[in-house]
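Here is the structure we will look at.
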Amino acid sequence: QVQLVESGGGLAQAGGSLRLSCAASERTFSSYNMAWFRQAPGKERELVAHINRNGGSTYYADSVKGRFTISRDNVKNTVYLHMNSLTPEDTAVYSCAAHSALLMPVSPTRYDYWGQGTQVTVSS
């Protein structure tokens, strides 16, 4: 199984930036499509960004498009989420997830592996 560990969360000011990392222990990391989800207090978990196996195709939620960038390094077995122009509405627990489905799933139930999450808090 794939073990995923997120890091890079913390406190940021509105307008600031953070970079999240998700390290995978599985050597076949490049076989998996990767995604970032987030869950804010009192809200459902939502898909933030997705990247396919070779990094050639990406997806972003409308709420983060133009501000967040997902990338991956298959040599380091790591996926990143660069977050710019942060707002308090970005405050959430951010989790990375992996799947091997043919098409990008929106539902978190379709993802096979999950990290434990990292807290991002944005103050105004």
Side-chain angles (χ1 to χ4, degrees):
Q1 291 188 325
V2 179
Q3 305 293 321
L4 304 174
V5 180
E6 302 95 338
S7 62
L11 179 65
Q13 288 280 105
S17 300
L18 287 173
R19 187 186 75 166
L20 306 183
S21 299
C22 175
S25 61
E26 173 60 49
R27 194 163 187 173
T28 59
F29 171 75
S30 61
S31 299
Y32 294 92
N33 307 290
M34 300 294 298
W36 286 96
F37 286 80
R38 69 184 181 186
Q39 187 166 27
K43 300 179 66 177
E44 294 184 349
R45 181 176 291 176
E46 65 172 337
L47 176 64
V48 175
H50 181 277
I51 189 167
N52 72 340
R53 293 173 178 86
N54 60 17
S57 180
T58 57
Y59 163 88
Y60 299 95
D62 288 343
S63 59
V64 306
K65 193 175 300 181
R67 300 189 298 118
F68 290 11
T69 302
I70 188 171
S71 62
R72 68 189 297 162
D73 187 334
N74 286 347
V75 175
K76 297 181 178 180
N77 294 343
T78 303
V79 63
Y80 304 95
L81 186 68
H82 293 80
M83 305 184 296
N84 299 315
S85 301
L86 288 164
T87 75
E89 293 185 353
D90 295 317
T91 295
V93 174
Y94 285 73
S95 302
C96 63
H99 76 93
S100 56
L102 183 63
L103 301 176
M104 182 195 75
V106 175
S107 172
T109 63
R110 296 293 87 199
Y111 287 77
D112 301 314
Y113 305 106
W114 290 85
Q116 299 222 49
T118 185
Q119 176 71 47
V120 171
T121 302
V122 183
S123 61
S124 59

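All values reported here derive from a predicted model rather than from experimental measurement.
Among pairs with a residue in residues 1-67, those fulfilling disulfide (SG to SG under 2.5 Å) read C22-C96, at least two apart in sequence or across chains. Annotation: ring-ring contact (aromatic ring centres under 6.0 Å, His included) contacts involving residues 40-81, sequence neighbours excluded, comprise H50-H99.
Across every non-hydrogen atom of A14 and S124, the tightest pair is CB-CA, 4.1 Å. Of all heavy-atom pairs between P108 and W114, the closest is O-CZ2, 3.3 Å. Smallest separation of non-hydrogen atoms from L4 and A98: CD1-N, 4.1 Å. Contact detail for A12 and L86: the closest heavy-atom pair is CB-CD1, 3.9 Å. Taking each heavy atom of V120 and G9 in turn, the nearest pair found is CG2-CA, 4.2 Å. When all heavy atoms of S25 and V2 are compared, the pair lying nearest together is OG-C, 4.5 Å.
The closest side-chain heavy-atom distance from S63 to R38 is below 4.5 Å. Using a 4.5 Å heavy-atom cutoff, the side chains of D90 and M83 are not in contact. Counting heavy atoms from C-beta outward, E6 and S95 have side chains that approach closer than 4.5 Å.
Side-chain atoms of T121 do not come within 3.5 Å of backbone N or O of T91 as any donor-acceptor pair. Side chain of N33 to main chain of R53: a donor-acceptor pair is present (N/O by atom type, distance under 3.5 Å, no hydrogens or angles). Remark: side-chain polar atoms of R72 are paired, donor with acceptor, to backbone N or O of N52 under 3.5 angstrom. Of the possible polar contacts, none joining the S30 side chain to the N74 backbone as a donor-acceptor pair under 3.5 Å is found.
One finds the CE atom of M34 at 10.0 Å from the CG atom of N77 (value rounded to the nearest 0.5 Å). Rounding to the nearest 0.5 angstrom, the gap separating the CD atom in Q116 from the OG atom in S7 is 13.0 Å.
Note on L18: it does not cluster hydrophobically with V93, by side-chain heavy-atom contacts below 4.5 Å among ILVMFWY residues. One hydrophobic cluster holds both I51 and V48 under the rule that ILVMFWY side chains link at heavy-atom gaps under 4.5 Å. Residues V64 and V79 fall within the same hydrophobic cluster, defined by Ile, Leu, Val, Met, Phe, Trp and Tyr side chains chained together at heavy-atom separations under 4.5 Å. In the hydrophobic cluster analysis, where Ile, Leu, Val, Met, Phe, Trp and Tyr join through side-chain heavy atoms closer than 4.5 angstrom, V5 is grouped apart from L20.
Between Y32 and Y113, the two ring planes are perpendicular [angle over 60°; tilted spans 30° to 60°].
A 6.0 Å sphere centred on CD of E89 holds no more than 12 heavy atoms belonging to other residues, nucleotides or ligands.
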